[in-house]
2 protein chains.
Amino acid sequence: MSRTSNPIAARTASPVQRQLRPTAKVLPEHARAHNRSLVLGHLFHEGPSSRADIARSTGLTRVTVSDLVAALLAEGLVADLGVRAESRVGKPATLVGLRSSEHHVVVVDLADDATVHGAVMTLVGDVVVREHVTGAGATGTAAVTLVEDLCRRLVERASRPVIGVGISSPGVIDAGGRVVEAPNRGWYGEPLAARLTGVLGLPVHVANDANTRALGEYTYGGAAADAMIVTVGQGVGAGMLVDGALVRGRGHAAGEIGHVTVVDEDTAGETPEPCACGRTGCLETVLSAPALRRRTAGLTPQDADATLASVGRMLGRALAPVVSALNLAEVLLSGPPELLDGSLREAVATTLRDRTMPVIGHDLRVRMAALDEDAALAGAAVLVLSGQLGIT
Amino acid sequence: MSRTSNPIAARTASPVQRQLRPTAKVLPEHARAHNRSLVLGHLFHEGPSSRADIARSTGLTRVTVSDLVAALLAEGLVADLGVRAESRVGKPATLVGLRSSEHHVVVVDLADDATVHGAVMTLVGDVVVREHVTGAGATGTAAVTLVEDLCRRLVERASRPVIGVGISSPGVIDAGGRVVEAPNRGWYGEPLAARLTGVLGLPVHVANDANTRALGEYTYGGAAADAMIVTVGQGVGAGMLVDGALVRGRGHAAGEIGHVTVVDEDTAGETPEPCACGRTGCLETVLSAPALRRRTAGLTPQDADATLASVGRMLGRALAPVVSALNLAEVLLSGPPELLDGSLREAVATTLRDRTMPVIGHDLRVRMAALDEDAALAGAAVLVLSGQLGIT
DNA sequence: TTTGTAAGGAAGGTCTACTAACAAACATGT
DNA sequence: ACATGTTTGTTAGTAGACCTTCCTTACAAA
């Protein structure tokens with residue numbers, strides 16, 4: 001074997017260079033914030049607990065937990081709930097609990113072109129106030145103003161301290177809340193989060209609607225840590241969860257699967273249809289809610305089922321490589337149940353199992369998303385919980 | 001809109017429950033370890049630097065960096081290189097550098113069924129010693145003993161302190177170095193890392209060979225942080241990098257794309273062939289090195305190119321959903337260049353661009369892997385660098 | 001009543017990184 | 001030649017964060 005051209009050896013003289021990622025230093029206070037999030041996360045997921053419970057769960061000592069809880073009590077995020085009712089051996093525990101109804105989150109969903117939906121929510125996702133504005137056709141700065149006004153009204157109507165604002169929008173959105181590209185609102189490089197923070201004086205988080213849905217399903221809907229949530233509405237999108245974290249991708253466009261080609265000339269029983277994007281045979285031409293309705297309109301239930309199953313098989317074909325490459329635990333379908341939760345979903349499941357090796361397809365679950373139409377709002381709330389409190 | 005069945009609201013009484021991941025507490029010493037890795041990582045990627053350089057790069061103060069460097073000097077991981085040659089304004093800087101040739105890593109590659117390849121490497125991936133054992137047919141415990149003996153010999157032949165052992169093996173391997181399933185060696189649930197650590201008294205890291213290749217390409221080969229490295233050899237595998245981290249997947253089987261179905265009855269110009277896995281039309285039946293050689297044997301160069309292009313199109317079809325879902329920056333092909341680096345690679349690239357939306361396919365790169373046949377060994381070394389020094 | 005167990009708090013110690021201040025060593029301008 | 005400004009690396013002191021150890025409180029079980 002010739003080793004002279006070893007590219008590793010060739011680099012020995014000069015160091016191994018790479019575009020350095022902004023790896024952040026860690027200060028003691030960051031450790032503190034992390035452990036604080038651990039405590040909050042425990043209370044969020046497990047409910048009222050004693051300090052000793054939290055200590056066991058987090059691995060921190062009781063002393064440290066007491067200290068953190070004291071700080072949280074002072075902040076008002078946590079409340080003393082008195083002694084635990086059930087009594088075991090030893091000194092009875094005093095419970096502390098997250099004051100989830102004593103803090104509010106303002107959330108906005110921009111998925112609907114005609115109407116902007118907003119709400120005030122508690123930390124556990126209960127809707128306290130609901131508002132909407134009809135902003136048909138508003139684009140550019142006008143659309144930003146629309147969102148601004150809605151947020152302001154919601155903040156005013158919140159009866160508790162508002163922890164932050166979460167916004168779910170279609171389009172390509174970067175981690176800093178800048179809308180890189182959202183054709184439906186005419187936003188290109190719009191610094192939405194920064195602008196709203198300036199106006200409202202509150203932390204604002206913005207993310208793609210398919211991604212927020214995925215977050216919502218993970219936090220409130222029991223989705224697995226390695227999952228794909230396919231959202232079917234006017235278009236088709238997806239949120240990807242890998243190891244419990246949202247995948248954003250190189251250009252912040254992860255999950256944009258609506259315009260993957262799935263219908264070819266040689267696809268049995270199908271003809272590629274033109275897509276709004278200018279190409280043909282895109283997933284959206286067969287799987288979007290309008291496309292599904294159009295394709296099943298006027299058919300007998302049997303024929304409609306067959307049609308839906310056919311679409312399910314196409315989706316399954318497309319997802320099989322994704323499921324295999326990431327070894328996903330779950331594929332969730334979010335959208336109209338009358339279209340998705342039947343032969344379509346079953347066809348996706350069987351196709352995925354047929355087209356992947358057993359170790360991949362064996363314990364893969366294909367199910368409907370657990371959350372209803374408020375999933376995007378709930379996910380927007382998770383943006384805030386995650387960003388401000390570290391709860392995931 | 002009916003909101004009564006809101007599953008979020010329904011959960012308000014009980015807390016939001018989920019399978020808790022082992023979220024680790026962070027102690028001051030962990031912060032220290034993290035910052036230490038930051039210093040080492042800077043020296044690894046940027047080469048000899050002054051303490052002030054490191055401080056600017058990491059965001060830590062010069063005082064802290066001096067302290068960390070002092071500790072690393074005491075450990076012998078870093079050396080004082082004297083004053084910088086070029087002189088600028090101000091006090092001349094004293095350079096410190098990673099003593100990459102003064103420490104060794106022992107690496108083993110188990111991809112070859114007939115021979116086990118091993119090497120002693122420096123921290124920058126230079127091969128110092130090369131050894132191999134012919135272990136045709138060794139399985140189960142005998143195969144473990146084979147690896148054990150090879151490691152021991154390599155450790156003995158290492159002329160510098162050995163930081164750890166890295167092993168690259170086909171099969172499904174969990175994060176703790178347990179081989180869940182490796183049919184070629186007859187390993188099922190084999191705790192390889194633990195066993196070797198016990199015998200050698202050194203830190204041992206084990207990972208799937210496609211994954212180690214991906215790590216090697218990332219660290220030594222300049223691969224992007226969001227990339228897929230497709231490895232073509234006896235079979236077909238892949239390593240997935242998302243945000244610079246290896247994806248392991250729900251059942252540690254991420255990257256197992258060799259048995260995704262890519263050939264159907266309706267695939268133009270192709271007939272599904274039976275696969276060793278018992279199904280038909282798997283990616284391995286067309287893309288493995290033997291399959292490619294068989295399909296192109298005896299053909300004119302033009303016909304061979306057409307055949308390779310056809311396989312490239314099939315691969316492109318399979319990868320388009322993956323590239324879209326994750327918004328990957330790069331797809332790397334690792335394997336025989338005479339088969340892959342031509343019409344096949346070009347077909348993959350054009351197919352991917354044709355079948356994805358512009359925002360996804362626009363700046364996607366499809367190229368050959370930068371590292372040669374030692375890529376797996378280099379990746380195994382990265383396992384150790386990453387696990388012991390925190391360098392990625 | 002005694003014993004054992006568990007919860008929570010107080011005191012003291014160690015570790016970590018920061019700020020402030022300074023000396024050393026050099027380039028540059030007058 | 002000499003003062004000035006710049007950059008480096010170190011010393012000293014401070015604040016934060018978590019730990020270990022010990023104590024008190026409160027209850028169940030024997």
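When reading the values below, keep in mind they use all heavy atoms of this one structure, side chains included, and skip hydrogens, waters and symmetry mates. All of these numbers come straight from a predicted model, not from anything done at the bench. Just so it is clear: chains get the letters A, B, ... in the order the sequence lines come, proteins before strands, and each one is counted from 1.
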Checklist entry - Tell me: CD1 of Ile54(B) to C1' of dA17(C), nearest whole Å? => result 16 Å
Under 3.5 Å, which N/O atoms of the protein pair with N/O atoms of nucleotides 27-30 of chain D?
residue, atom, partner, partner atom, Å
dA28(D), OP1, Ser87(A), OG, 3.1

Item to check | Any residue meeting side chain to side chain contact (heavy atoms under 4.5 Å, CB included) with Asp67(A), in chain and number order, not counting sequence neighbours | outcome: Arg32(A)
Item to check | Separation of dT8(D) C1' from Asp80(B) CG (nearest whole Å) | outcome: 13 Å
Next on the checklist: For a side-chain contact (heavy atoms from CB on, under 4.5 Å) check, start with the C-alpha distance between Leu241(B) and Val247(B), then their side-chain angles and the critical distance, and finish with the verdict.
Outcome noted: CA-CA 6 Å; Leu241(B) 285 169; Val247(B) 178; over 6 Å; no
Checklist entry - If you look at every strand shown and take non-hydrogen atoms under 4.0 Å, does Arg56(A) touch a base, only sugar-phosphate, or nothing? => result sugar-phosphate
Next on the checklist: Taking side-chain hydrogen bond (donor to acceptor under 3.5 Å, both in side chains) as the definition, give me every residue that meets it alongside Arg36(A), ordered by chain and number, with sequence neighbours left out.
Outcome noted: Glu75(A)
Item to check | Pairs satisfying side chain to side chain donor-acceptor pair (under 3.5 Å), at least one member in residues 196-208 of chain A, at least two apart | outcome: His205(A)-Gln388(A)
Please set out all donor-acceptor pairs under 3.5 angstrom arising from side-chain atoms of residues 76-83 of chain A, sequence neighbours excluded.
residue, atom, partner, partner atom, Å
Asp80(A), OD1, Gly82(A), N, 2.9

Next on the checklist: Rounding to an integer number of Å, can you tell me how far Leu73(B) CG sits from dG9(D) P?
Outcome noted: 12 Å
Checklist entry - Strictly by modelled atom types, are His42(A) and Thr58(A) linked by a side-chain donor-acceptor pair under 3.5 Å? => result no
Checklist outcome for this item: When rounded to whole Å, the CD to C1' distance for the pair Glu29(A) and dC15(C) reads 16 Å
Checklist entry - Does Thr64(B) have a side-chain nitrogen or oxygen under 4.0 Å from the phosphate oxygens OP1 or OP2 of dC18(C)? => result yes
Next on the checklist: Quick check on dC19(D): is either OP1 or OP2 less than 4.0 Å from any side-chain nitrogen or oxygen of Thr61(A)?
Outcome noted: yes
Next on the checklist: Rounded to whole Å, please give me the gap between CZ in Arg32(A) and P in dT16(C).
Outcome noted: 18 Å
Next on the checklist: Any side-chain to backbone donor/acceptor pair from Thr122(A) onto Asp126(A)? Under 3.5 Å, distance only.
Outcome noted: yes
N/O to N/O distances under 3.5 Å, protein versus nucleotides 9-13 of chain C:
residue, atom, partner, partner atom, Å
dG9(C), OP2, Ser66(A), OG, 3.0

Next on the checklist: Just verifying a value: how many Å separate Ser66(B) OG and Leu60(B) CG, rounded to the nearest 0.5 Å?
Outcome noted: 11.0 Å
Checklist entry - Base, sugar-phosphate, or nothing for Arg84(B), non-hydrogen atoms under 4.0 angstrom? => result nothing
Next on the checklist: On DNA chain D, compare the nucleotides closest to Asp67(B) and Gly59(A); which residue's is nearer the 5' end?
Outcome noted: Asp67(B)
Checklist entry - Taking CG from Leu27(A) and C1' from dT19(C), how many angstroms apart are they, rounded to a whole number? => result 13 Å
Next on the checklist: Need one value for Asn35(B): base, sugar-phosphate or nothing, where a base atom within 4.0 Å counts as base even if backbone is also close, heavy atoms only.
Outcome noted: sugar-phosphate
Checklist entry - Could you give the CZ-to-C1' distance, from Arg36(B) to dA17(C), as a whole number of Å? => result 17 Å
Next on the checklist: Both Pro28(A) and Thr94(A) contact DNA chain C. Which one's nearest nucleotide lies toward the 5' end?
Outcome noted: Thr94(A)
Checklist entry - Will you find, in the side chains of Arg51(B) and Thr94(B), an N or O donor that is under 3.5 Å from an N or O acceptor? => result yes
